[in-house]
Amino acid sequence: MIPGIHRPAAVCIDLAAIRKNIKEEIKHLEPGQKLFAVVKANAYGHGAVRVAQEAVKVGVSGFCVALLDEALELRRAGIVQPILVLGVTPVQFAPLAAANNVSLAVPSLAWLKEAEKFLLEKKADLVLKIHLAIDSGMGRIGFSEAEEFIAANDFLLNNTFFFVEGMFTHFASADSSDDSYFMAQVERFNHLKKLLKLKPKWIHVDNTAASIFDKNIHSDLVRFGIGMYGLNPSSNPTSPDLPVAIKLKPALSFESELVQVHTIHKNQGVGYGSTYIADNDQIIGTVPVGYADGFIRKFQGFKIKVGNEYCPIVGRICMDQLMVRLPHEMPVGTKVVLISNDTLAPNNIKAAADYVDSIHYEVACLLDDRLPRKYYGQSNC
Ligand SMILES: *Cc1c(COP(=O)(O)O)cnc(C)c1O
């Protein structure tokens with residue numbers, strides 16, 4: 001995918017905000033606890049390499065990604081800190097991970113046995129670093145039965161192909177004020193933890209929510225994702241955000257410009273299907289972004305900032321363009337903020353996510369690679 005650098009549209013990332021969010025979280029860690037920055041999915045749309053480089057500057061201990069390819073991208077960019085792949089990597093790529101000093105999550109004993117065959121085949125003295133994944137209630141990946149977990153421990157004792165670096169689980173509802181399911185997960189995890197026959201360096205359970213809502217579950221490292229981007233993990237349309245223990249500053253905004261401004265007359269339509277019909281003379285501005293950029297059609301009607309005014313998107317959002325109704329004439333080139341990094345602005349990312357019945361994680365990830373990422377430190381995009 002080629003980013004469109006010859007059109008006025010970009011995802012703007014405030015690197016100072018990212019550094020600040022990490023520093024705040026580092027201050028909040030328990031004594032001895034480490035921070036791994038979660039930069040999967042291109043750092044939640046923020047740009048994995050740049051975010052990782054900033055994170056290194058402020059002292060993170062390692063990184064988490066979802067795919068082996070995302071880990072390899074960081075290695076190619078010169079990132080030397082530990083990297084853990086959180087998803088299940090196909091066994092045949094175990095040697096590739098080992099050769100690049102990338103740690104993999106292990107979902108089952110069967111996975112270990114199959115991966116061992118591939119490591120053996122390489123005859124290159126490769127040692128794969130692994131983290132045993134525990135399914136304590138996400139129903140997603142990892143060991144859940146004691147018997148299999150014990151068998152895996154026996155398999156790993158004195159096994160020279162694997163170095164057991166960690167054991168972890170992931171919570172389904174650390175972002176909820178109701179702790180009952182969370183505590184049941186903790187209990188199941190602790191049960192398996194007691195059966196360990198190895199001594200992994202990092203036993204970890206915290207995502208952003210578990211850490212900043214002070215769940216007080218001992219953990220050797222925090223997998224810090226959404227908080228690094230300045231967003232409250234509890235955010236959803238139906239309940240107020242939970243108060244967080246640290247100050248967060250959103251890093252992402254989505255900005256563009258008007259490329260055309262014209263007047264339409266009574267009974268003229270806007271966009272495909274003419275879902276919007278003017279009932280009087282109106283000024284319509286055109287913004288050169290659309291659903292192909294990840295700004296989905298559901299945003300029809302959402303108010304975005306044009307100059308100093310919040311203006312509704314009228315008509316269906318096209319693949320590459322959308323139209324807004326302007327309260328008065330504005331020049332071509334007027335700045336448009338589709339998503340604001342100001343939490344008080346009506347088009348902040350939470351408001352945007354609420355509008356399309358989604359969550360800010362998803363809205364950020366949807367922003368397509370066609371939009372260049374622009375990075376800034378103090379001033380503006
Ligand atoms: C994505 C992910 C995280 C980070 O979660 P945030 O809510 O963004 O902090 C942590 N652990 C696992 C296993 C994940 O998949």
Side-chain angles (χ1 to χ4, degrees), residues 17-18 21-22 24-26 28-29 33-46 48 51-52 55 60-68 70-71 74 82-89 102-107 130-144 165-176 182 185-186 188-189 200 202-215 217 219-236 241-242 244-246 248 250-252 349-350 353 358-366:
I18 288 182
N21 294 325
I22 296 171
E24 288 279 324
E25 174 64 9
I26 287 177
H28 180 67
L29 295 175
Q33 200 177 34
K34 303 286 181 210
L35 188 151
F36 272 35
V38 182
V39 293
K40 63 193 180 192
N42 201 26
Y44 298 31
H46 294 61
V51 168
V60 304
S61 302
F63 294 93
C64 295
V65 293
L67 319 180
L68 177 55
E70 294 172 342
L74 297 184
I83 304 175
L84 167 62
V85 178
L86 296 167
V88 178
T89 305
V102 170
S103 309
L104 298 185
V106 168
I130 56 172
H131 290 230
L132 300 171
I134 307 300
D135 177 10
S136 60
M138 259 299 273
R140 192 166 72 173
I141 65 164
F143 296 87
S144 52
E165 188 179 53
M167 168 177 173
F168 75 104
T169 195
H170 191 50
F171 293 119
S173 48
D175 57 344
S176 160
F182 177 85
Q185 281 199 257
V186 171
R188 261 178 254 135
F189 182 72
W202 292 309
I203 296 183
H204 50 111
V205 299
D206 287 75
N207 54 1
T208 299
S211 173
I212 69 176
F213 299 139
D214 284 335
K215 300 286 185 182
I217 306 304
S219 174
D220 296 322
L221 65 87
V222 175
R223 305 184 302 265
F224 192 54
I226 198 77
M228 175 169 45
Y229 310 105
L231 305 175
N232 183 328
S234 72
S235 187
N236 75 60
D241 287 0
L242 295 177
V244 295
I246 65 170
L248 298 173
L252 179 147
I349 194 165
K350 173 183 161 50
S358 182
I359 53 171
H360 43 29
Y361 291 78
E362 188 177 33
V363 169
C365 286
L366 277 172

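Quick caveat, the model's predicted, so the values are computed rather than measured. Every number for a ligand or one of its atoms is a count from 1 in the order of the listing.
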Sequence-distant partners of Asn207, side-chain hydrogen bond (donor to acceptor under 3.5 Å, both in side chains), two or more places apart: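 With neighbours one apart ignored, the set is empty.
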
Under the side-chain hydrogen bond (donor to acceptor under 3.5 Å, both in side chains) test, which residues partner Lys350, sequence neighbours left out?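 side-chain hydrogen bond (donor to acceptor under 3.5 Å, both in side chains) check on Lys350 returns Ser235, Asp354.
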
Taking the six-membered ring for Trp, is the centroid-to-centroid distance between Trp202 and Phe168 below 6.0 Å?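 Distance test on ring centres: not under 6.0 Å, no.
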
Residues two or more places apart in sequence or in another chain: which of them pass ring-ring contact (aromatic ring centres under 6.0 Å, His included) with His46?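 ring-ring contact (aromatic ring centres under 6.0 Å, His included) check on His46 returns Tyr229.
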
Measure the acute angle between the ring planes of His131 and His204, then classify it against the limits of 30° and 60° as parallel, tilted or perpendicular.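 Rings of His131 and His204: perpendicular, as their planes differ by over 60°.
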
Return the orientation label for the Phe171 and Phe182 ring planes: parallel under 30°, perpendicular over 60°, tilted otherwise.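 Rings of Phe171 and Phe182: tilted, as their planes differ by 30° to 60°.
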
What residues sit with at least one heavy atom under 4.0 Å from ligand 1?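 Lining ligand 1 at under 4.0 Å, by heavy atoms, one finds Val38, Lys40, Tyr44, Leu86, Arg140, His170, Asn207, Thr208, Arg223, Gly225, Ile226, Tyr361.
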
